[in-house]
Visitor: 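Input: one structure, supplied below.
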Amino acid sequence: MDSIHVTLAGGKSVDVRPGTRIEEIAASAGVRKAAIAAKVDGQPVDLAGIVDKDCVIEFILPDSRDGLDVLRHSTAHLMAQAVQSLFPGTQVTIGPTIEDGFYYDFKSDRTFSPEDLTLIEKRMQELANADLKVVREEIPRNVAIELFRKMGEDYKVQIIEGIPEEKVSLYRQGDWVDLCRGPHVPSTAAIKAFKLTSIAGAYWRGDSRNEQLQRIYGTAWANRKDLDAYLKRIEEAKQRDHRRLGPALDLFSLHPIAPGSPFFHPKGTIIYNTLIQYIRDLYGRYGYTEVVTPLIYKTELWKTSGHYEAFRDDMFLMNVHDGEYGVKPMNCPGHCYLFAARKYSYRDLPIRYADFSRLHRFEPSGVLSGLTRVRSFAQDDAHIYCTPDQLDAELAQFVAMTKEVYKVFGFDRIEVTLQTRPEKFLGRVELWEDAEAALRRCLEQAGFSVKVLPGEGAFYGPKIGFDFRDVLERSWTLATVQIDCAMPERFGLRYVTPEGSEATPVMLHRAVLGSIERFIAILLEHCAGAFPLWLAPVQLKILTVTDNQIEYAKKVFAQFHAEGWRVELDSRNEKLGYKIREAQLAKIPYAVVIGDKEVESHTVAPRRRGGENIPALPLAEFVERLRGEVAHEMGEA
Ligand SMILES: [Zn+2]
Ligand SMILES: [Zn+2]
């Protein structure tokens, strides 16, 4: 064959001779400089690779998702090269890419310091400027083992020994070599914008019984501008970090005496309870009834539900005198007992049980983080039991409730996902198919464009997730609804049909806020601690200018308090500017200033969080304004 036919993404095509380098085709397509790798028939490859048969080529540009991945992994290599040239005797292990960056784990006698990161970055820049060609080479596995053994790279030897293929690929740049699948950038000069971000401890193969390694994290982007934007974003994230803000605003704390189990301080508890009360009020309107169910059960419960098989390692189990018990990690199995406690007819359905009960899951200590990964939490959890005919209406009602709640919190950037049957699942396949179809129908009717995540449903049923994107561009799944394809049958739940026979009800699991703990963390970071007026733990702070106004200030305080506002009085003998700054730091929505003028005219001079002064006005008028603001926040006005 004299020539092969190469189709370029975008539709154009070229005929070239077999063995042509992909970079030559890139040149003819005008992307020789821009591309850093390519996909041949969907497979990522180096630009230095060749084509020898008809194929489709898509060039990978550095600012695409694939491009960033190649770039970041190449930067991990660059970092490892820099580390080994600066600190001889350091061994390399693995260096994968992660979201927004990469890391590499090293074995070294030296404890890397933040100053070392600056040194390493400098050497990386020199190596990038040197424009070293990145060259792929394939060699037999045993030759590779010999090569890395001679280099003293014991970990690489172990890795290669675990590879089944007879041939392995290496990547060289200058005098440095690493075992790698690739692809990589054609030259170190393609790496233009990177930064090393932190050092952490790690274990070989992630196992704490193995040797301790040192992990260096970094990030890399297509250009300086993207890198700067990212660094600004993580700086902003640090400022908003709920693990910093929570204790600073006196909302909650954590203590090793109860790992992963937050202590909510009085102010945090106000937020906690106000959120629950808000959902409770909605439940009245959406026809839910609240229930209280046990925390501790005999483990038979989870043997029936299937959780004992699938979830046991994440549970707090205990042996007491008459057998094994567990603390509930979720409410559903308990609610099935509740449903079975009396006989229901189709006329009684749907039944909607809401439960704010405390739940406990044994998360490994390594993943615990602030309020987002905890062992003790509560959800705005509910289970709905209905007839098959009622399913669509129940799903639609859930979507309506979710929309209403998201609007109140200003969550407007939403992505909806549909998570389907996983490999390991309980229940009959027909039930799963019907359930997935119902969820699709519901989302179509609601007009959402849906991202399907195949195989990511729970083991007992498919799921819809409403993912919210916060100000830091992070995505969080909050509201979810699942159709249960297993539990109603496993618990033998029945209701009486119009024909007088018995049938199994459809069961839904749903939550809108999800874990209240996690929700508070997300909201805290989203609003940087400046909660809306209706939710702020302290809504108003009265500030006196001098001691002359204390008496009037006390009266104003008593009036706000009597009207149900969460109010504090600061009558300390401090400068007004200082008191205002304190109220500002505590993110209190309103500082209410009272000076001689206000005492004389029986008014108040409110100052909004952020600095806007409202002209002095009578107290009653201000309270009217506050009520209007809350109503507006709650979507009532
Ligand atoms: Zn690699
Ligand atoms: Zn459930």
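Given the structure is predicted, the values throughout are model-derived calculations rather than measurements. Whatever order the structure lists them in is the order used to number ligands and atoms, beginning at 1.
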Visitor: Think Arg72 forms a cation-pi with Phe102, using NZ or CZ under 6.0 Å from the six-ring centre and within 45 degrees of its axis?
Guide: no

Visitor: Ion pair present between Glu517 and Arg358, side-chain N to carboxylate O less than 4.0 angstrom?
Guide: yes

Visitor: Answer yes or no: is there a donor N or O on one side and an acceptor on the other, between the side chain of Gln419 and the main chain of Ile464, under 3.5 Å?
Guide: no

Visitor: Is the cationic atom of Arg421 (NZ for Lys, CZ for Arg) positioned less than 6.0 Å from the six-membered ring centroid of Phe425 and within 45 degrees of its normal?
Guide: yes

Visitor: Parallel, tilted or perpendicular: which one describes the rings of Phe362 and Phe316, with boundaries at 30° and 60°?
Guide: perpendicular

Visitor: Crowded around Gln212 CD? As in, over 12 foreign heavy atoms under 6.0 Å?
Guide: yes

Visitor: Please determine whether a side-chain nitrogen of the Lys or Arg among Glu363 and Arg373 lies less than 4.0 Å from a carboxylate oxygen of the Asp or Glu.
Guide: yes

Visitor: How many protein N, O or S atoms are found at a distance of less than 2.8 Å from the Zn ion (ligand 1)?
Guide: 3

Visitor: Apply side chain to side chain donor-acceptor pair (under 3.5 Å) to the pair His73 and Thr97, showing each step before the final yes or no.
Guide: CA-CA 6 Å; His73 189 52; Thr97 58; 6.0 Å; no

Visitor: Check whether the ring centres of Tyr217 and Tyr103 lie less than 6.0 Å apart, and answer yes or no.
Guide: yes

Visitor: Mind checking how many protein N/O/S atoms fall short of 2.8 Å from the Zn ion (ligand 2)?
Guide: 3

